[in-house]
Amino acid sequence: MNLTALKKQFQPYPYHMVEASPWPLLTSFAVLSMMAGAVLYFNGIAYGRNLLGLGFLSTLFAFILWFRDVTTEGTYLGDHTLIVQKGLTMGVALFILSETFVFLSVFWAYFHSSLAPTVELGSHWPPAGIEALNPFAIPLLNTILLLSSGAAVTYAHHALIQGNRGATILGVTMTLVFAILFTALQGVEYANAGFTIADGVYGSCFFFATGLHGVHVIVGTAFIAVAFYRIIAYHLTDHHHLGFESSILYWHFVDVVWLFLYVSIYWWGS
């Protein structure tokens with residue numbers, strides 16, 4: 001019997017004591033490099049693009065290895081007891097709450113400018129010279145895709161609880177397809193928009209709000225893709241699928257934020 005097994009056999013508490021890990025430190029430096037590279041690149045400074053790419057690859061590398069270690073702890077080592085799972089669920093809930101306040105600040109900036117447009121904006125919203133996007137074109141299609149993806153991942157969750165593996169895989173596959181289509185259409189929308197982020201407060205608010213949400217869609221897609229791999233690998237069962245539930249909670253948060261974005265920025269703001 002090895003030392004790890006002995007520790008678990010005589011451990012007097014249900015908590016998982018995390019061992020020393022290099023990934024938090026690596027992630028912090030990787031994110032710092034990525035953001036510094038982005039600032040340099042946006043300002044046209046040499047090698048900014050290289051630093052941005054290096055930071056992004058380092059962040060991706062750290063995430064993959066960190067996910068691997070957490071998966072090993074929860075699947076093979078049995079470290080995720082019920083008490084630990086409750087703590088992880090609370091952590092995800094607090095993380096989503098913090099993201100809620102991030103988007104609250106974005107909406108605050110948008111409505112601060114749009115509800116009482118200043119003279120510099122022509123006392124009109126959208127400002128003079130800005131042609132808003134048609135809310136019943138790509139934005140409406142993206143709304144349908146995102147809501148459909150939320151329904152599909154919920155279907156997959158209930159299928160997993162009932163032990164229906166085929167339906168679970170189908171639901172998650174549909175979710176990933178809808179998410180990828182949403183991101184692709186968002187790119188098409190940006191490419192054909194008649195304004196840029198540099199076009200005053202409207203462009204800044206529009207691209208920051210929708211772009212920030214787009215980043216969350218990409219991250220949520222990655223979370224669900226990891227859960228999909230774990231379902232395929234038989235890591236997740238009908239009674240042990242905390243990672244999948246956490247990704248679903250995050251995805252529903254992304255859905256709700258998009259509804260507010262669509263109604264306020266695309267429909268009312270146009």
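Worth knowing before you read on, the calculation uses all heavy atoms, side chains too, and leaves out hydrogens, waters and symmetry mates. Treat the numbers as computed from the prediction; the structure is a model and nothing was measured.
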Problem set entry | By ring-ring contact (aromatic ring centres under 6.0 Å, His included) - contacts of H213 (at least two apart) | F182, W258

For this session: Apply ring-ring contact (aromatic ring centres under 6.0 Å, His included) to F207 and list each qualifying residue two or more places apart in sequence or on a separate chain.
Result: Y190, F195

[X] [atom1] to [Y] [atom2] distance, which is reported to the nearest 0.5 Å:
X	Y	atom1	atom2	value
I197	F42	CD1	CZ	8.0 Å
M174	I169	CE	CD1	14.0 Å
F63	T59	CZ	OG1	6.5 Å
T183	F178	OG1	CZ	13.5 Å
Q85	L242	CD	CG	5.5 Å

Exercise. Is there a side-chain contact (heavy atoms from CB on, under 4.5 Å) between T210 and F206 once you walk through the steps?
Worked result: CA-CA 6 Å; T210 58; F206 175 86; 4.0 Å; yes

Which heavy atom of [X] sits nearest to which heavy atom of [Y], and what is that distance?
X	Y	value
A227	L236	O-CD1, 3.8 Å
T168	A159	OG1-C, 3.3 Å
G150	D255	CA-OD2, 3.3 Å
L176	A225	CD2-N, 3.9 Å
G48	L40	CA-CB, 3.7 Å
A179	W251	CB-CH2, 3.5 Å

Tell me whether the count of non-hydrogen atoms from other residues, nucleotides or ligands lying under 6.0 Å of [atom1] in [X] goes above 12.
X	atom1	answer
F56	CZ	no
L115	CG	yes
F260	CZ	no

Can you get from [X] to [Y] by hopping between Ile, Leu, Val, Met, Phe, Trp and Tyr side chains that sit under 4.5 Å apart?
X	Y	result
L133	Y202	yes
Y229	V219	no
V201	F107	yes
W267	V257	yes
L259	V106	no

Problem set entry | Y266 side chain to L140 backbone, donor-acceptor under 3.5 Å |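 Answer holds: no.
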
Exercise. Does the H235 side chain pair with the main chain of I231, one donor and one acceptor, at a distance under 3.5 Å?
Worked result: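 Answer holds: no.
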
Exercise. Does R165 count as lying over the ring of Y234, i.e. NZ or CZ under 6.0 Å from the six-ring centre, within 45 degrees of the axis?
Worked result: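 Because its charged atom sits under 6.0 Å from the ring centre and within 45° of the axis, R165 does stack over Y234.
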
Using residues 90-104 as the side-chain source, report each donor-acceptor pair under 3.5 Å to any protein atom, sequence neighbours left out, with the distance given to one decimal.
{"from": "S98", "atom 1": "OG", "to": "F95", "atom 2": "O", "distance (Å)": "2.5"}
{"from": "E99", "atom 1": "OE1", "to": "H216", "atom 2": "NE2", "distance (Å)": "2.1"}
{"from": "T100", "atom 1": "OG1", "to": "I96", "atom 2": "O", "distance (Å)": "2.9"}

For this session: For residues 104-117, pull every pair meeting side-chain hydrogen bond (donor to acceptor under 3.5 Å, both in side chains), keeping only residues two or more places apart or in separate chains.
Result: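 Found Y110-W125.
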
Exercise. What pairs of residues pass the side-chain hydrogen bond (donor to acceptor under 3.5 Å, both in side chains) test when at least one of them lies in residues 60-71, not counting sequence neighbours?
Worked result: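 Listed by first then second residue: W23-D69.
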
Exercise. Looking at L146, L181, L185, which hits side-chain contact (heavy atoms from CB on, under 4.5 Å) with L141?
Worked result: L185

For this session: In sequence, state the C-alpha distance, the side-chain angles, and the governing distance for L26 and F61, and then conclude on side-chain contact (heavy atoms from CB on, under 4.5 Å).
Result: CA-CA 9 Å; L26 174 61; F61 174 76; 3.9 Å; yes

Exercise. Using 30° and 60° as the class limits, which term best fits the ring planes of Y250 and F223: parallel, tilted or perpendicular?
Worked result: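 Perpendicular, since the angle between the ring planes exceeds 60°.
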
For this session: For side-chain contact (heavy atoms from CB on, under 4.5 Å), just list the numbers for E245 and T89, CA-CA rounded to whole Å, side-chain angles, deciding distance to a tenth of an Å, and then say yes or no.
Result: CA-CA 9 Å; E245 286 184 338; T89 302; 5.7 Å; no

Report yes if the side chains of [X] and [Y] come closer than 4.5 Å at any heavy-atom pair, otherwise no.
X	Y	value
T75	R230	yes
P22	L25	no
N50	Y41	no
H158	N164	no

For this session: Before giving the answer on side-chain contact (heavy atoms from CB on, under 4.5 Å), spell out for L145 and N142 the whole-Å C-alpha distance, their side-chain angles and the decisive distance to 0.1 Å.
Result: CA-CA 5 Å; L145 287 173; N142 268 347; 3.9 Å; yes

Can you give the donor-acceptor pairs under 3.5 Å from side chains of residues 30-37 to other protein atoms, not counting sequence neighbours?
{"from": "S33", "atom 1": "OG", "to": "F29", "atom 2": "O", "distance (Å)": "2.9"}

